Each structure stands twice: as structure tokens, then as C-alpha cells.
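I have placed the structure first, in the form of C-alpha cells, so that the comments after it can refer back to it.
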Amino acid sequence: MPKFTIPKEEYVCKGHSACPGCGTPLALRYTLKALGKRTVLNIPAGCGGVILGVWPSYALKVPVVDNAFECTAAIADGIRAGFDVLGVKDAYVVGWAGDGGTVDIGLQALSAAVDRNANIIYVMLDNEAYMNTGIQKSGCTPIGAWTTTTPVANGKGWNTSPKKRIMEMLVANGIAYGATVNVAYPEDFIARLREAKDIKGTKFIHALAPCTPGWRIDPRKSIEVARLATQTGIFPLYKVENGKYSLTKEIKNRKPVREYLRLQGRFRHLPEEAINEIQRLVDEEYARLLKKIKETNE
Amino acid sequence: MMEVMTANYAAAYAVKLARVGVIAAYPITPQSSISEKLAEMYVKGELYGKYFLVESEHSAMSMLIGASYAGARTFTATSSHGLALMHEMLFWAVGARRPIVMAVVARALAPPWNIWGDHMDVMSERDTGWMQFFCENNQETLDTILMAYKISEDRSVMLPSMVIEDGFILSHTYEAVDIPDQDDVDDFLPPFDPEWKIDFDDPRRFGGLTMPDWWSEFRYRIALDQEVAKKKIVEVDKEFERRFGRSYGGLVEFYNCDDAEVALVLAGSAVGTAKEVSDKMRERGKKVGVVKLKTFRPFPAEELKKLNDMVPVVGVFDRSYTFGYGGALYSEVRNGIYVPGGGALVKNYVGGMGGKDFTPKNMEFIFEDLLRIKKEGKVDRMVEWINIKDGTGRW
């Protein structure tokens with residue numbers, strides 16, 4: 001096995017306007033390190049578009065096409081179609097959307113792109129709410145979380161719907177490749193994108209990235225919190241290739257979800273019984289994942 | 001080569017002749033036969049480019065914006081609710097300066113459900129910044145699509161175009177259409193070569209955040225380039241005539257107007273009816289003229305101002321209505337030709353909406369009404385709805 005290296009080239013410039021501790025610039029760095037210079041990103045409304053800066057400057061060394069909220073997969077497939085017609089072969093087209101722009105308003109275009117098996121890489125930057133507009137609940141907001149549209153008062157009112165199972169939807173649709181990645185695990189992040197980039201068809205990367213103001217965390221702890229998401233099994237790292245599931249990060253002894261929740265202000269209101277319930281749901285979901293791994297590899 | 005075909009097929013042949021790179025389509029009545037014909041051509045290997053099926057008109061327009069950024073010539077077609085669903089991305093196409101050409105088969109919007117011809121859909125998009133060209137017949141549909149690429153892709157313009165054909169009246173009616181030779185079209189329409197596109201060696205960002213200080217400057221450029229487009233449209237129409245022997249007046253065509261006593265301004269397939277009725281009435285000594293509004297955006301206000309010197313009374317026929325005021329063409333024409341303290345009297349006629357028959361008899365009624373106004377010297381009613389079942393349709 002050749003030694004695993006992370007390219008030294010930086011495609012994200014200094015001077016972007018992300019908050020301290022934000023996971024997005026890390027995710028952008030890892031993605032572009034894995035894919036290289038001949039990559040075009042298309043970015044809809046969301047933090048991803050704003051932190052790159054204000055015209056006429058921007059903080060990436062690759063071309064970027066900004067677009068409307070719900071059309072990331074369609075625009076990306078359009079760019080790919082244009083390249084195909086014009087004979088541009090050695091370029092990667094990346095749709096870079098947030099969780100709301102993917103599992104909510106962008107779901108229709110994404111599902112159609114998978115239906116066409118569009119030859120694109122779709123990265124969903126998951127910070128678990130509409131953070132760019134000020135922390136409103138999205139389809140990816142976890143159970144128990146406070147947001148400005150799931151406010152908490154008198155010991156109730158937090159988000160009660162489970163995170164949408166976007167990977168399951170896309171796998172059911174027959175997506176070529178899907179993987180979860182976490183900014184706290186850069187080697188794994190880069191390895192998954194390297195794996196995805198030359199597979200023909202639609203590739204989906206579900207990237208967890210903390211939002212310090214939205215999650216109500218100390219910016220210095222954002223990587224620690226992100227790592228705990230995987231260590232507790234709340235956000236397991238796995239991939240699905242041709243329908244086969246496998247864990248990409250083995251977690252021997254899962255930590256209690258309490259450790260993850262208690263570091264974040266957005267879960268501060270949760271009573272013990274709610275935390276126990278979340279633990280039960282996470283265990284259940286984790287067991288479901290292990291079962292899928294077993295079943296699809298038999 | 002002459003062939004008998006519908007306007008929808010004529011549009012498909014134009015797309016083939018224009019060597020479009022990326023077509024994205026979603027079916028909607030009465031546009032569907034454009035998508036179907038293109039799909040058939042694609043499967044037979046007759047198209048230069050690629051044909052993509054999308055799940056909605058919103059994605060169709062999105063995909064074309066992406067493909068255009070990559071440097072490909074693009075086409076889609078839509079109608080009615082499909083156009084309304086695209087609304088958001090129509091703004092993006094303009095702001096991104098992507099010279100997409102789209103056939104719009106004009107149709108009513110529900111409820112009640114109505115699949116027939118009407119201009120409410122296209123008029124609702126007049127403020128997006130798209131150029132809008134109306135077609136009188138099937139030949140004009142084919143020719144206008146070819147011209148639209150040349151105008152849109154001109155580096156001094158770089159704005160998208162809608163080529164509008166009336167639902168069913170043209171889209172499903174067979175007429176003889178001359179299909180130009182591919183070589184002649186290639187000579188007329190060079191490959192798409194945008195100044196700005198995705199370039200990995202010179203990476204740029206397209207459409208990113210702009211602060212208030214600069215945003216209006218981008219709008220201002222669009223406004224200026226719509227003015228540039230007016231000259232370009234006339235120029236391309238003249239070149240087209242030189243090469244193919246057909247002209248559509250560029251922005252406006254004045255028909256039977258030289259010695260006219262009254263004139264009627266209108267757009268789309270009803271122009272043909274108006275011309276025929278005008279000819280017939282002239283045989284009876286009634287000097288009525290027709291003004292064909294070929295280009296609605298950019299709006300040819302200067303050209304229409306000439307009407308003040310030509311006739312004392314101008315009628316405007318609308319297949320749409322801006323609720324609470326009058327037809328869209330009416331308000332535009334009236335404002336466009338306005339001169340302080342004088343000018344022609346203007347009256348609005350609304351009819352033929354939602355596919356309602358609009359007959360030569362109706363047209364004759366309008367011309368007679370205009371002649372009456374000329375005689376009386378005043379407009380008693382601002383708007384008149386033609387052929388309304390209950391009520392007078394007058395106020």
C-alpha cells in the first residue's frame with residue numbers, strides 16, 4: 001500500500017468570511033485537495049456561497065458557479081452536459097449544497113439527476129439547519145435540537161422529527177456511490193472523494209460540518225464535537241458502493257450520546273429522559289446500519 | 001426544401017439547423033410535440049448535440065444555464081405553467097448573461113384548466129430581462145429561432161430569447177415551411193463562442209454575492225444591452241433577408257399603414273388575420289392599417305411613436321389582461337407612443353384568450369370601432385372585451 005498523503009496544494013484562499021470554528025472551509029479544502037485544479041463547484045444559496053466572499057473577489061482557486069436554491073443537481077448536470085458536448089473530459093463537476101438545499105428544496109432536482117445517473121459529485125454540507133438565514137429547522141435537523149423555528153419554551157418545543165434518511169432515499173434510487181464523511185476525519189474525507197471521483201454516474205457525499213453559532217458551541221471545540229458525532233454513532237462513517245454498505249470508520253466502543261449533546265447549547269434544554277430516548281434511537285439506527293452491512297455483503 | 005409541418009415541428013427543425021449542443025426538455029401541452037420531435041431526431045442521430053430529460057421546467061432551465069456556462073449552445077421549449085415554474089431561473093439566465101433560446105408555446109394559466117392559446121404566460125415574464133419575439137406563422141417560428149441565436153449570442157448583447165408561437169393556432173396547425181439548407185444556416189450562424197465561460201486556467205466565479213453598491217450596475221448593463229439588442233435585431237433581420245429572402249420587420253412591421261386612417265397594433269398569430277381583414281376592408285375603401293409587434297422585449301417605443309404622425313386613432317389588441325388596468329400590450333403601446341399634449345387616441349381590445357376563436361368578423365368589428373372613434377374624435381371606453389357571453393364587455 002502506498003503511503004496515504006494529503007496534497008499540499010490549497011485551493012481555498014485565506015480571507016474567506018466563515019465564522020471561527022466553521023466546518024465548511026475545511027470541507028471545501030479537503031474536497032478540492034482530493035479533486036484538484038480541474039474542478040468546478042456549483043453552489044446554491046447557503047453559507048457556502050457567502051463565505052467565499054463578495055464580488056469581485058472570491059476565496060477559491062477553482063471556477064465557481066452560483067445558483068438558486070433548488071437547482072444544484074440540475075445546474076451541475078448541465079455543466080457536465082456542456083463539457084461532454086464540447087469534449088472536456090478531465091474535469092470534475094461538483095454540486096456543493098447545504099442540507100436544506102439538498103434534502104428539502106433541492107430534493108426533486110437531485111432525485112432526477114440520480115435517475116439520469118448524472119456524472120457529477122454532489123456534496124451535501126450538513127450543518128443540520130438553515131444556518132445562512134439564521135438557524136431555522138431543515139430536514140436534516142436532529143431530534144431534540146433547538147432552532148429559531150423549533151424554539152424551546154417551558155420545557156418543550158424542540159425539533160421532534162428525525163433527520164431525513166437522504167442516503168437511504170438515494171440508495172433506493174440506485175445511486176452509483178454514496179458516503180458519509182466528517183470534517184473531523186480529514187484522511188477519511190479525502191479518501192472517499194478520491195474513491196468517488198472516477199466512478200461514472202452520480203456520487204453523493206454526505207459531509208457533516210459543525211456550525212458554531214447554530215450548534216451553540218465554543219469555536220475551539222468544533223472538531224471535538226464533530227468527532228464525537230461519529231464516536232457516539234450519531235453520525236457513523238460508511239459508504240455504499242453498488243448497493244453494498246461498509247463502515248469506513250470502525251468505532252469499537254461507542255461513547256454515550258450524552259457526551260456529544262452536552263457540549264452543545266442547542267441541546268441544553270433536553271431532560272434526561274429525552275437524552276435516553278435519543279440514545280435509544282441512535283442505538284436502533286446504528287443496529288440498522290450494521291444489519292444492512294451484513295445483508296448487502298452476504 | 002418545402003415541407004408541410006406544424007410550428008412545433010418547425011421549431012424542432014430550427015434547433016437541428018442551429019446545431020444546438022444541449023437540449024433539456026419537459027413535456028407540457030401544447031409544447032410537447034417539440035420535445036417529442038427533438039427526441040426522435042436525437043435517437044435517429046440527426047442532432048448535433050445531446051438531449052436530456054428532466055423532471056421539471058425549473059430543472060430544464062437550470063440545466064441549460066449550467067451547460068451555457070460550460071460553453072454550449074442550448075435550447076428548451078415550454079408553455080404556460082411550465083414557464084411559470086421556470087420564472088425564478090429566467091431571472092438567473094438573464095443575470096448570468098446566458099444566451100439561451102427557448103420556444104414558448106403561449107397558453108393560458110389555470111384555473112379553470114385551459115390548455116389553449118393565450119398570452120398571459122409570456123406577458124407575466126416581461127420583466128425578467130428575456131428578449132421576446134412573437135411569431136405570426138410557422139415559417140416565422142423556424143426563422144426567428146435561428147435569428148434569436150444570432151442576436152442573443154452576440155457579445156454585445158448576451159441575453160436570452162423567447163420565441164413565442166401561439167398555442168394550437170400555430171403549434172398544431174400545418175403550413176408549408178421552407179427548411180433552409182444546413183450549409184446556409186452554418187454560414188449565417190457561427191458556433192457559440194462566449195467571451196466568458198468556465199475556464200480552469202483562469203478560474204472565475206459567476207453569480208456570487210454582490211453588495212448594493214454594485215448590484216444596480218449589473219442591472220444597468222442589462223438595460224443598456226437591451227438597447228444594443230434593438231439595433232442588433234434590425235441588423236440580423238436584414239442579414240436574414242439578404243441570405244434567405246425573408247424579413248419580419250426587425251422590431252415592428254407597418255402593414256397598409258402609409259395612408260391609413262386608423263391602425264391596430266398586435267402580436268402573434270392574430271397579425272395574419274388582421275392583415276387579411278385590412279386588405280379586404282381597403283377594397284371597400286376603408287383605410288385601415290396593421291402594426292405587427294414582432295419584438296415585445298426590448299420594446300420598440302421609438303418605432304411606434306411614428307404612429308402619432310400616421311394615424312389619429314390607434315387600437316391595441318391583447319390576448320392577455322393585466323387585471324385592474326388593461327391589456328399588457330395596450331399599456332406598453334400607450335406609454336410608448338405618448339407625446340405630451342397630443343398624439344393619437346388609443347383604445348384597448350381584449351379577446352382570443354384561452355383559445356377562444358378570434359375571427360375576421362371580430363377583427364372587422366375592431367377596425368369599424370376605430371373608424372367610429374376617429375369620426376367622433378374621442379375614446380369613450382378605455383378597454384373593450386370582445387365576444388363576452390354575459391354583459392356588454394365595455395367600460
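Everything numeric here is computed off the predicted structure, so don't read it as measured data. Every chain is numbered from 1, with letters handed out A, B, ... down the list of sequences.
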All pairs passing ring pair (Phe, Tyr, Trp, His ring centres under 6.0 Å) where residues 69-109 of chain A contributes a residue, at least two apart: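 Checked against ring pair (Phe, Tyr, Trp, His ring centres under 6.0 Å) - neighbours excluded - the pairs reaching residues 69-109 of chain A are A/Phe83-B/Phe200.
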Where does [X] contact chain B at under 4.5 Å (heavy atoms): side chain, backbone, both or neither?
X: A/Lys61; result: backbone
X: A/Ser111; result: neither
X: A/Val62; result: backbone
X: A/Leu52; result: both

How long is the span from the [atom1] atom in [X] to the [atom2] atom in [Y], to the nearest 0.5 Å?
X: B/Met89; Y: A/Ile75; atom1: CE; atom2: CD1; result: 4.5 Å
X: B/Ile198; Y: A/Leu41; atom1: CD1; atom2: CG; result: 10.5 Å
X: A/Arg116; Y: B/Ser59; atom1: CZ; atom2: OG; result: 6.5 Å
X: A/Asn42; Y: B/Phe206; atom1: CG; atom2: CZ; result: 12.5 Å
X: B/Met211; Y: A/Trp55; atom1: CE; atom2: CH2; result: 13.0 Å

If we define contacts as heavy-atom pairs under 4.5 Å, which of A/Val93, A/Thr72, A/Asp77, A/Val88 has the most with chain B?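 Option with the top pair count is A/Asp77.
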Between A/Ala74, A/Ala118, A/Ala91, which residue shows the highest count of heavy-atom pairs closer than 4.5 Å to chain B?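 Most pairs with chain B among the choices: A/Ala74.
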Applying a criterion of heavy atom separation less than 4.5 Å, what residues of [range] form contacts with chain A?
range: residues 145-159 of chain B; value: none
range: residues 63-87 of chain B; value: B/Met63, B/Ile65, B/Gly66, B/Ala67, B/Tyr69, B/Ala70, B/Gly71, B/Ala72
range: residues 43-55 of chain B; value: B/Tyr48, B/Lys50, B/Phe52, B/Leu53, B/Val54, B/Glu55

Is atom [atom1] of [X] surrounded by more than 12 heavy atoms (other residues, nucleotides or ligands) closer than 6.0 Å?
X: B/Arg219; atom1: CZ; answer: yes
X: A/Asp198; atom1: CG; answer: yes
X: B/Tyr220; atom1: OH; answer: no

Are side-chain heavy atoms of A/Glu70 and B/Glu88 found at a separation under 4.5 Å?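 Side-chain contact under 4.5 Å: yes.
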Is any side-chain heavy atom of B/Trp214 less than 4.5 Å from a side-chain heavy atom of A/Pro56?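 With C-beta onward as the side chain, the pair stays apart.
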How close do [X] and [Y] get, counting heavy atoms only, and between which atoms?
X: B/Gly21; Y: A/Val85; answer: O-CG2, 3.3 Å
X: A/Cys71; Y: B/Ser62; answer: CB-OG, 3.0 Å
X: A/Gly49; Y: B/Arg205; answer: O-NH2, 2.5 Å

Please classify the contact of B/Met61 with chain A as side chain, backbone, both or neither, using a heavy-atom distance under 4.5 Å.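 For B/Met61, no heavy atom lies under 4.5 Å from chain A.
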Heavy-atom distances under 4.5 Å only: say whether B/Asp202 touches chain A with side chain, backbone, both or neither.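 Neither the backbone nor the side chain of B/Asp202 comes within 4.5 Å of chain A.
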